[in-house]
Amino acid sequence: MFRLIVFASFIVFSVTACVQGDSNVERGNRTQVLHIGNNAEPQGLDPHQVTGVNESYIVLALFEGLVSKHPATLEIQPGVAESWTVSDDGRVYTFSLRQNAKWSNGDAVTAHDFVWSWWRGLQPALGNQYVFMYFPIKNAERFFNGEVSDFSKVGVTAIDDFTLRVELANPTPYFLQLLDHYSTFPVHRATIEKWGEPDESYTRWTRPQNMVTNGPFELDDWRLNKHLIVRKSQTYWGADKVRLNKIVFYPYEVGPNEERLYRAGQLHYTSETSIDRLPWYYENKPHHVSIAPYAGTYIYRINNKKPHLKDKRVRQALAMSIDRETLIRTVLNGLFTPAYSIVPPGLLGYQPPQVFAYDPSAARNLLAQAGYPNGKGLPEIELQYNSSEQHRKIAIAIQQMWNKELGIKVRLQNKDWKVYLDDEATGNYEISRGSWIADYVDPNTFLDMWVSDSGINRTGWANPNFDKLVLKDAPSAKTRKARYKHFYDAETLLISDMPFIPIYTYSSHHFIHPSVNGMPPNIMNYYNWRYVYLDADWRAEPK
Amino acid sequence: MLRFVLVRLLQSIPVLFTVITATFFLIRQAPGGPFDADKPVIPAVKRALEAKYNLDLPMWQQYLNYLGDLLRGDMGPSFKYPGWAVHDLILSGLPATAELALYALLVAIIVGVLAGVCAALKPNTAQDYIPMSVAMLGICMPTFLLGPLLVLVFGFWLNWLPISGWGDLPGDKIMPSITLGAAYAAYVARLTRGGMLDVMSQDYIRTARAKGLPERVVVFKHALRGGLIPTIAFLGPAFAGLLAGSFVVETIFQIPGLGRFYVQAAFNRDYTMILGTTIFLSTLIIFFNLLSDLLATWMNPKLRHQLRGQSV
């Protein structure tokens, strides 16, 4: 019993001894240190290798490409390039680089750095998964495939130290957007060559003591599964405008854990909200919630090769009998917006067609015409999704809608992520949950994925007219308007055939502390860290 | 004694070999590969990636290569975090996980043994029922419920303890240790109670009492040593279980440990990481089983005698 008392008093003592001090947010606001929930441990930091969203946030702090984007409008603005000219035929870009752009070790960022970096980005052995970002450049794809071995035939040349000339194969209206994608960022040659071969993947050059970068921040500390810290770079050309001293990225998985840390003042920003907690925040802390449309679409792929799903009237009936408004209001706490097209409305001025609407009676007619009146004769349909509570809830709701409106029986199949991907890729599914997030700001990123030989199509649907509109007509259009017209026609074709069912347009949704400035919501969920700062005078409003 | 240890160590070699072989071939049977993603990788890039990891070789050759590398102490690079070797990742997570497991084990022993002894001293009274009911609750309550519950009470309502981290703020190690240790404390309590009840009815306890020793000495010096043997036998596997099972607690409290790597590796089809963590943990389990057997032998005079006879 004596020991019990000793133990108990030890516990009580240690508990009372550690009353908490300042939170990360309070301390961060005083010292301009931003604490960011970043979803997962970054796979790496090499701009020519990483692929994920969470890596991109870190890489965008560390590096800068020829151009960057305005944090709110996403319009292209100067980066390492101070200015540029485009030839009349839209095929030759000439960039003038800043004379004061510097690497974090003090070296100048030159046009030669870009030429060498792009040569490296095109090395097959490097395993650059975003290598297709280079393919609009003349001969880049052929160089990558080994059909051209002389890199001087590829359309990128350093005229002098600060002038870079880029020649494209075809006019590519969204080319400048690609230059703010990390796969086209410059990397520091001497550093990479010090730690391995140029095309050797994942060498030690990205470790904190080794890494040389050219962005507004440089790598400070990287502790696995704990945090990654970047600090303000003193050599960055715009350093006098950068107000944050540090950004701390935490690899915290989204959901209740991240929300709990936010509530405790450990984070300024969560990579997502926790949907179940949203009503509480609406009620108590509405100014901590940020929700904005996001360039991504939630879809159900249909396997067009299955006999009973071959008839497009069946697919249309399925699409028209989903009550998206109700689904979003009840299951998703109103977080998203219904989608009737694949391109989200308003992507740089493009408005997609609305080919169909929610219309259960028309859906029943279509199903009857296809030979399945009231669902009779239609075999049970299997609907697969990757393990997630939210996907499950959505699938259950849609299962009920199809059963109620069309008399169709649906079996739900929950699969582990890799099993789900494998089954989708090999066509071993009937209906499969899917989604697409834009790679760059242009409708093309949502449409070229459905051409016949695309690896992302995976529905078995093919339409030569669609291929022609997307691959031939749109790229050679002279004006944005003409180009959008081709996209519009292509999308009308696509949605009429309904190889997949659009369900909702994503939102980016975060808890974000009111002291954070310069992170306006935008459709790409893009942040330009050099504009971000913390308001030290922020005070919680009186209750 | 030495022979006993040597025999056990030799026995562990085929065990480990079987674990490695079974894991190596089983994970390849799982659908999907490490480079499958929603956005398919360009074929030339995928070939380059597969060549880097020798996935283009026949399976038996990959297996032999792996065994060869392993003998040289090289577990290869992780697939998911290619910038890091598997042993780097394991070593980076091990300190936090080992420390957490150790504290959780301490919580389990201190709370469990005290509760078990209390209960055994007055069986079938309130002093027995109350700790044992709490122990049952501890076994039933999953860590993913207990953790957030503790955080709510001690982190948010009382504001006594930090709700996350490991070694960043004073006191941040308390809640994770209790959360992880609670279920084990409950097992220890039940095992201790059983062992103590068994011992308290033995002749030598009656002898000790007849000698006129105070009850405190009887319980703590004579009875506890025998009564704890089932508990000790449980502790070895329990420690290994704590190391391997800390994933949930590490996620709740954001502890940079091994558990998250271990679980995520399976989801990611990170072949080398799955193999590395499995080999590492099986080695630990074998080691701690051996350790707890040795401890139990040392505490049990009968067994100690037998072994001594053997080694002569």
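Residue numbers start from 1 in every chain, and the chains themselves are labelled A, B, ... in the order their sequence lines are given, proteins ahead of strands. These numbers come from the heavy atoms of this one structure, side chains and all, not from hydrogens, waters or symmetry mates.
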Side chain, backbone, both or neither: which part of [X] has a non-hydrogen atom closer than 4.5 Å to chain B?
X      : value
A:T51  : neither
A:E41  : both
A:P42  : backbone
A:T426 : neither
A:I456 : both

Which atoms of [X] are under 4.5 Å from chain A, going by heavy atoms: the side chain, the backbone, both sets, or neither?
X      : answer
B:K52  : side chain
B:P148 : both
B:F156 : side chain
B:T251 : both
B:Q264 : side chain
B:I252 : both
B:V151 : side chain
B:N268 : backbone

query: Roughly how far, to the nearest 0.5 Å, is CG of A:N24 from OG of B:S164?
result: 8.0 Å
query: If you measure from CD on B:Q254 to CG on A:N225, what distance do you get to the nearest 0.5 Å?
result: 9.0 Å
Show the atom names and distances, to 0.1 Å, of all donor-acceptor pairs under 3.5 Å that link a side chain in residues 79-87 of chain B to residues at least two apart or in another chain.
none

Derivation and outcome, side-chain contact (heavy atoms from CB on, under 4.5 Å), residues B:I42 and A:F144: CA-CA 11 Å; B:I42 292 177; A:F144 173 75; 4.1 Å; yes
message: Check this for me: A:E197, atom CD, are more than 12 non-hydrogen atoms of other residues, nucleotides or ligands nearer than 6.0 Å?
response: no
message: Do A:R223 and B:P256 make a side-chain contact, defined as non-hydrogen atoms from C-beta onward lying under 4.5 Å apart?
response: no
message: Could you tell me if the side chain of B:I163 sits less than 4.5 Å from the side chain of A:R263, heavy atoms only?
response: no
Specify which of [options] makes the most heavy-atom pairs with chain B at under 4.5 Å.
options                        : answer
A:M449, A:R207, A:E424         : A:R207
A:H227, A:R260, A:Q266, A:R458 : A:R260
A:V131, A:D422, A:L224         : A:L224

task: May I ask you to list the residues in residues 121-129 of chain A that approach chain B closer than 4.5 angstrom, counting heavy atoms only, ordered by number?
output: A:P124, A:A125, A:G127, A:N128, A:Q129
message: Check B:R269 with A:D416, please: is the shortest side-chain N to carboxylate O separation under 4.0 Å?
response: yes
- prompt: Highest number of heavy-atom pairs under 4.5 Å with chain A: which of B:D168, B:V117, B:L152?
  reply: B:D168
